[in-house]
Amino acid sequence: GPALASWAIFVVAAVQIAVALIGYLRGFDAETPVPAAAAGLSVAAFATAAVWLFAGGKHDTRARALAMAFLLIASAFARRFTGIVGGPGALLIRGVYLDAFLPVFVWMFARDFPRVIRLSRWDEVTRHGTRLAVATGAALFFVNLVRAYAPAWVPPILARSHPRSAYWAAVVGLSVVALVVSLVRAS
């Protein structure tokens, strides 16, 4: 179910971040426009915030959803340092882009934040938004996993690394809409 999927995402993201921190400390770096120090600090900052939210909000669905979102942001920044892994360990890295699920956790956060006593049409919007984010995240995850091993099977525009990527348009777009819905619910 959803709890098992969230747990699996958490574990794999944590492994990716741990590998990235080792890679960063060992000097491994895949060239990107963002300086390595900025990416490394972003990984550390978002991972630390996630740990604090998990520790302090064990029974708060809002804190857990936000912690997972932060963990996936850390995982996205961590990608450039994960190339040190080879062999079977690479199966948790190559083509495994967990940030595809970022909108799921942002929508889950929007569903519960802020806490409101009244029910409104926005509650239904958050339910539909969460379902759309799950379907979109699963599709993007699967497409990019396939692309890592059989690139000819997937149109380049769907690749996470494409300069005009539909991947990032969907991930960022769905996440921004969730945050706007959360703001509207607050008013």
Heavy atoms of T136 and A170 approach each other most closely as CG2-CB, 3.9 Å
Does any part of the side chain of W168, heavy atoms only, come nearer than 4.5 Å to the side chain of D99, both counted from C-beta? yes
Calculate, to the nearest 0.5 Å, the distance between atoms CZ and CZ belonging to F105 and R111 respectively. 10.5 Å
When clusters are formed by joining ILVMFWY residues with side-chain heavy atoms under 4.5 Å apart, either directly or through shared neighbours, do M108 and L4 land in the same one? no
dist R127:CZ -> E124:CD (nearest 0.5 Å) comes out at 4.5 Å
Do F28 and F81 have ring centres separated by under 6.0 Å? no
Once you measure the plane-to-plane angle for F141 and F101, does it fall in the parallel (<30°), tilted (30-60°) or perpendicular (>60°) bin? tilted
Where the side chain of R64 meets the backbone of F54, is there a donor-acceptor pair that is under 3.5 Å apart? no
Give me the atom names and distance for the closest heavy-atom approach of D29 to A36. OD2-CB, 3.4 Å
In Å and rounded to the nearest 0.5 Å, what is the CG to CG distance from L53 to L66? 5.0 Å
Check: L174 and L132 side chains under 4.5 Å, non-hydrogen atoms: yes
Taking every heavy atom of A159 against every heavy atom of S165, the minimum-distance pair comes out as O-OG, 2.7 Å
Test item: F70 and T48 side chains (from C-beta on) under 4.5 Å apart, heavy atoms: no
Spacing of M68 atom CE and F109 atom CZ [to the nearest 0.5 Å]: 15.0 Å
Are V11 and I17 connected in a single hydrophobic cluster, I mean Ile/Leu/Val/Met/Phe/Trp/Tyr linked by side-chain heavy atoms less than 4.5 Å apart? yes
Among the clusters formed by ILVMFWY side chains lying less than 4.5 Å apart, do I93 and V43 turn up in the same one? yes
Is there side-chain contact between D112 and D60, with heavy atoms separated by less than 4.5 Å? no
Given side chains that start at C-beta, do those of Y167 and V143 come closer than 4.5 Å, heavy atoms only? no
If two hydrophobic side chains count as joined below 4.5 Å and joins carry through other members, does V12 share a cluster with L71? yes
ILVMFWY network linking V96 to F142, side-chain heavy atoms under 4.5 angstrom: no
Is S182 reaching over with its side chain to a backbone N or O of A178, donor-acceptor style, under 3.5 angstrom? no
Side chain proximity check, V134 to R131, heavy atoms < 4.5 angstrom: no
A50 and A67: which non-hydrogen atoms are nearest, and at how many Å? CB-O, 3.4 Å
Any heavy-atom pair between the side chains of R79 and R160 that's under 4.5 Å? yes
Interatomic distance, I9 atom CD1 to L72 atom CG [nearest 0.5 angstrom]: 6.5 Å
Minimal heavy-atom distance between A63 and G57, with the atoms involved, is CB-CA, 3.8 Å
Verify whether one side chain among S75 and Q16 offers a donor that lies under 3.5 Å from an acceptor in the other. yes
Quick one: are Y97 and L140 in side-chain contact, heavy atoms under 4.5 Å? no
To check you understand the geometry: which heavy-atom pair defines the closest contact between W107 and A133, and what is its length? CD1-CB, 3.7 Å
